[in-house]
Amino acid sequence: MFQLNGKIAFITGAGSGIGEEIARAFVAQGATVVVADIDEAAGRRVADDIGTLSRYHRLDVTDSLAVQVALEQTAERYGSLDVLVNNAGIGLVGSVEETSDEDFERLMSVNVNGVYYGCKHAIPLMLKQGRGNIINIGSVAGLIGIERRFAYCATKGAVIAMTRQLAIDYATRGIRVNCIAPGTVYTPFVDSYLQRFHAHELEETKARLHARQPIGRMGTPRDIAAMAVYLACDDSSFVTGAVMAIDGGWTAR
Ligand SMILES: NC(=O)c1ccc[n+]([C@@H]2O[C@H](COP(=O)([O-])OP(=O)(O)OC[C@H]3O[C@@H](n4cnc5c(N)ncnc54)[C@H](O)[C@@H]3O)[C@@H](O)[C@H]2O)c1
């Protein structure tokens, strides 16, 4: 069960946090992984660590042409592109009044355009090979309103909508498209917004972040990677258009 033997996976934002753990889990299950990340030092560290067949590709997901070239090169070099994980994403704390136009556009550019470019350029390659699997990393922020996360909620809502729409268009053409919607997962992403927006109340905020999951703790990257392995493998062949909330019960409230 849950084997990825021989599969070629391209994971954006795999130099840190959730993407890194997905890369490690995929390789452990037999996949070859392209670690795509804008941060060269982080991406190289992960790629060098996870195995000889895997490699780092410097990529800014907001650059449509660069995404196209990276995916085409992957399919050419390895003979296929089996799984695309659109994981790269950035956060922002702020109500609509606190959100500048520049911040809103930056979030849209990485979190929405990045996923759009990945899907747009992977799907023709996947159609050519007659199969493919796309996993988008959304968030509970796309399912419910979270206080002072205006732009972030907007972008993750779009990721969920794109997932469902694409699943319908390609369901009969061999391509599955699913979304994982994590609750709060303790990664450098959370650390950086704690430092940036809550430096004066670090411990109280951390405690609140743990508590907003009914289970009483933040998730770990491993909690998310386990679902990614399931969605990427052939045992989930009946699953498409799904939004898997991995959130310690947050959205069950
Ligand atoms: N950590 C959480 O609580 C949480 C919860 C729900 C959803 N998510 C989502 O999970 C994904 C990963 O989050 P994480 O917590 O692992 O974050 P992280 O900050 O630890 O890692 C994100 C990675 O994406 C890369 N990246 C950023 N912009 C990029 C760009 N333009 N092109 C390519 N790479 C880029 C970064 O260099 C970094 O390596 C994001 O989409 C995030 O929105 C995170």
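When a ligand or atom number is given, it counts from 1 through the structure's own listing order. These numbers were taken from a predicted model, which means no experiment stands behind them.
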Atom 31 (N) of ligand 1 [closest protein heavy-atom partner, distance rounded to 0.1 Å]: Asp60 OD1, 3.0 Å

Does the side chain of Gln68 come within less than 4.5 Å of Glu72's, by heavy atoms? yes

Regarding atom 36 (C) of ligand 1: of the candidates Asp37, Leu209, Ile224, Val46, which has the closest heavy atom? Asp37

Cationic N near anionic O, under 4.0 Å, Arg58 to Asp37: no

Salt-bridge criterion met for Asp223 and Arg217 (N-O under 4.0 Å): yes

Can you pull out the closest protein heavy atom to atom 6 (C) of ligand 1? Residue, atom name and distance to 0.1 Å, please. Pro182 O, 3.4 Å

Atoms of ligand 1, numbered as shown, that sit under 4.0 Å from any heavy atom of Tyr152: 6 (C), 7 (C), 8 (N), 9 (C), 42 (C), 43 (O)

Output the list of atoms in ligand 1 that are nearer than 4.0 Å to some heavy atom of Ser139, sorted by atom number. 6 (C), 7 (C)

So Trp250 and Ile215, do their side chains get closer than 4.5 Å, heavy atoms only? no

Test log, rule side-chain hydrogen bond (donor to acceptor under 3.5 Å, both in side chains), inputs Asp191 and Tyr186: CA-CA 8 Å; Asp191 261 338; Tyr186 196 52; 2.8 Å; yes

In terms of atom number and element, which parts of ligand 1 are under 4.0 angstrom from non-hydrogen atoms of Gly17? 16 (O), 20 (O)

Test log, rule side chain to side chain contact (heavy atoms under 4.5 Å, CB included), inputs Arg106 and Thr62: CA-CA 9 Å; Arg106 190 168 50 88; Thr62 69; over 6 Å; no

To which of Ile137, Asn87, Asp39 does the heavy atom nearest atom 41 (O) of ligand 1 belong? Asn87

Can you name the residues that form a salt bridge (Lys or Arg N to Asp or Glu O under 4.0 Å) with Asp49, not counting sequence neighbours? Arg24

With a 3.5 Å cut-off and no angle check, do the side chains of Thr163 and Asn136 form a donor-acceptor pair? yes

Atom 1 (N) of ligand 1 [closest protein heavy-atom partner, distance rounded to 0.1 Å]: Val185 O, 3.0 Å

Which of these, Ile11, Val61, Val35, Asn113, has its nearest heavy atom closest to atom 30 (C) of ligand 1? Val61

What protein heavy atom is closest to atom 16 (O) of ligand 1, reported as residue, atom name and distance in Å? Ile18 N, 2.7 Å

If the cut-off is 4.0 Å to any non-hydrogen atom of Pro188, which atoms of ligand 1 fall inside it? 20 (O)

Decide whether a cation-pi geometry holds between Arg149 and Tyr193; the criteria are a distance under 6.0 Å from NZ or CZ to the six-membered ring centre and an angle within 45° of the ring axis. yes

Got the closest protein heavy atom to atom 26 (N) of ligand 1, with its distance? Ile38 CG2, 3.9 Å

Do any N or O atoms from the side chain of Asp235 and from the backbone of Phe2 form a donor-acceptor pair under 3.5 angstrom? yes

How far is atom 15 (O) of ligand 1 from the closest protein heavy atom, and which atom is that? Thr187 OG1, 2.5 Å

Where's the contact between Lys156 and ligand 1, heavy-atom distance under 4.0 Å: side chain, backbone, both or neither? side chain

With heavy atoms of Gly89 as the reference, note each atom of ligand 1 found under 4.0 Å away. 40 (C), 41 (O)

Within ligand 1, which atoms have a heavy atom of Val190 less than 4.0 Å away? 1 (N), 3 (O)

Nearest protein heavy-atom contact for atom 23 (C) of ligand 1: which residue, which atom, what distance? Gly13 O, 3.5 Å

What protein heavy atom lies closest to atom 27 (C) of ligand 1? Include the residue and the distance to one decimal. Ile90 CG2, 4.1 Å

Does the side chain of Gln3 reach to within under 4.5 Å of the side chain of Cys233, using non-hydrogen atoms? no

Looking at Ala42, Ser16, Ala141, Ala36, the heavy atom closest to atom 20 (O) of ligand 1 belongs to Ser16

Looking at Asp234 and Lys7, is there a salt bridge between them, counting it only when a charged N and a carboxylate O are closer than 4.0 Å? yes

Considering only heavy atoms of Gly183, which atoms of ligand 1 have at least one such atom less than 4.0 Å away? 3 (O), 5 (C), 6 (C)

